[in-house]
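Following: one structure in structure tokens, then a few remarks.
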Protein chains: 2
Amino acid sequence: MRISELSRRSGVPNATIKFYLRKGLLPPGRATAATQAEYDETHLRRLRLIRALISVRGLTVNATREVLSAVSEHEADVHQVLGLALGAKRVDQDGEPDTQPGMSDVDALVARLGWQLSEHTPARGVIAETLETLRSLGTDFSWRALVPYAELAQRTAVLDLDQLKDTDDALERAERAVLLTVLLEPALLALRRMAQEHESAVRHGAIPGPSVPGPGGG
Amino acid sequence: MRISELSRRSGVPNATIKFYLRKGLLPPGRATAATQAEYDETHLRRLRLIRALISVRGLTVNATREVLSAVSEHEADVHQVLGLALGAKRVDQDGEPDTQPGMSDVDALVARLGWQLSEHTPARGVIAETLETLRSLGTDFSWRALVPYAELAQRTAVLDLDQLKDTDDALERAERAVLLTVLLEPALLALRRMAQEHESAVRHGAIPGPSVPGPGGG
DNA sequence: CATGACTGGAGAGTGGCAGTATCCATACTA
DNA sequence: TAGTATGGATACTGCCACTCTCCAGTCATG
């Protein structure tokens, strides 16, 4: 398949495909001549994934490339892929991330939860920054308030990994991990907002209904 | 307080404050003359909130304005504020949102959960879009798979609303709702990623540890 | 009243980024 | 051999979050 067919089948304009090739989002096709290359189904699938990450999730091109290169390089180690820089957070160039204010709170939180994480997971910085911002805004929100949220996040992670169980192929598994981790993020936040609206209405007395389904937690 | 002091106390450049005033993010000060206005502590607090929403959460200026105007207009009705267009999703101009593909799945999901929501909550569209994207990518992910996620989201919402219980002042309450809803979003996603990494390591056999804390769910 | 610093407001300019358009030498295709 | 398509490079567009510049009006001081 050449670039025009790739464009036709994906709905992505020719020029945009070239742009993604240039940016390293899409691996180059198998060159058959100086100005000719052959693309296959994996390119098509990759291209659709790129569009989803960029337009649905709203990732930047750079963040998308990092995610995808992680998928390609660590196909087998899904648990390595999952902790990646998926938030498109800007980095504070060459500064020790450990010196970031609020990071000790994150360490305390992680220790309390008993989580074993790689030291340089960018997610740590995100949490530190959030806590610091909340503090600067004058709230009394501390890392302890995050503990119950973290336990719910852990159950969410259990659901996530359960979704991966029935996939054997390494590449497919890694791609599915990305889909479930990254693409589901806006949906999960939307679910939270809807649940807030419902729960708020319930507490307001307007609507009868159980506050929390299932056992425990409440 | 005049604009320079506002700038000094918030750390936001003079020109940027003017920009926010022009864009309607920051309400104008009390005019004392044709070229003179007086700002107070609420402006300072609002300004810090704006910076947090834009730089920490990554909202666009327009999305931030919508959130803030909602806070101002519905100070008392927190449950109205919570369901808002916080995701900075682009809208498909003048199209009936009900005609969006996948929306019937969202209706089924909401019905299954027993949630009572306003009809035009933008969160519905986000979920529909996500489901549609996952379908177009060839996964077998249906709305039923979202049910357990939604139940966890509901517990998260319970935590969120609990955080608001001890606040009486309407404006403070609405602002706190925004903080917890919007500003916490990146942190919650980060918690999920960290939990995924931990859970994946546990399942991989590398680390001993309980899969899920607390009762139920597992 | 004169002078200079400051103010609010408006328009233009900047830099970054995603995507698009144009060229060009080359390569298939009729 | 003429016409179309390709890959690659470069330049351009449009959007957006600022940021700069200018201006008349205002205030503080002498």
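Below, read A as the first sequence line, B as the second, and so on, with proteins coming before strands; counting in each chain starts at 1.
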Next on the checklist: With no hydrogens and no angle check, just 3.5 Å: does a side-chain donor-acceptor pair link A:S4 and A:S7?
Outcome noted: no

Checklist entry - What pairs with A:D160 under side chain to side chain donor-acceptor pair (under 3.5 Å), at least two apart in sequence or on another chain? => result B:Y149, B:R192, B:Q196

Checklist outcome for this item: To the nearest angstrom, the CE-P distance between A:M1 and D:dA5 comes to 18 Å

Checklist entry - Among all residues two or more places apart in sequence or in another chain, which pass the side chain to side chain donor-acceptor pair (under 3.5 Å) test with B:R48? => result none

Atom pairs under 3.5 Å: protein N/O with N/O of nucleotides 3-5 of chain C:
none

Item to check | Atom-to-atom span, CG of A:L21 to C1' of D:dG8 - whole angstrom | outcome: 10 Å

Next on the checklist: Once side chain to side chain donor-acceptor pair (under 3.5 Å) is applied, do any residues pair with B:R9, and if so which ones, sequence neighbours excluded?
Outcome noted: B:E41

Item to check | Nearest-Å distance for atom pair CD/P, residues A:E38 and D:dA5 | outcome: 17 Å

Checklist entry - Who are the salt bridge (Lys or Arg N to Asp or Glu O under 4.0 Å) partners of B:E38, not counting sequence neighbours? => result none

Item to check | Partner set under side chain to side chain contact (heavy atoms under 4.5 Å, CB included) for B:L189, not counting sequence neighbours | outcome: A:E185, A:L189, B:R193

Checklist entry - Please, which pairs that meet ring pair (Phe, Tyr, Trp, His ring centres under 6.0 Å) have at least one residue in residues 15-58 of chain B, sequence neighbours excluded? => result B:Y39-B:H43

Next on the checklist: What is the distance, to the nearest angstrom, from the CD1 atom on A:I17 to the P atom on D:dG7?
Outcome noted: 9 Å

Checklist entry - Between D:dT6 and A:Y39, is there an OP1 or OP2 to side-chain N/O distance shorter than 4.0 Å? => result no

Checklist entry - Expressed in angstrom and rounded to an integer, what is the separation of A:I3 atom CD1 from D:dG8 atom C1'? => result 10 Å

Checklist entry - Sequence neighbours excluded, which residues qualify as salt bridge (Lys or Arg N to Asp or Glu O under 4.0 Å) partners of B:R51? => result none

Item to check | Where protein sits on nucleotides 16-30 of chain C, one letter per nucleotide: B base, S sugar-phosphate only, - none, heavy atoms under 4.0 Å | outcome: --SBBB----BSS--

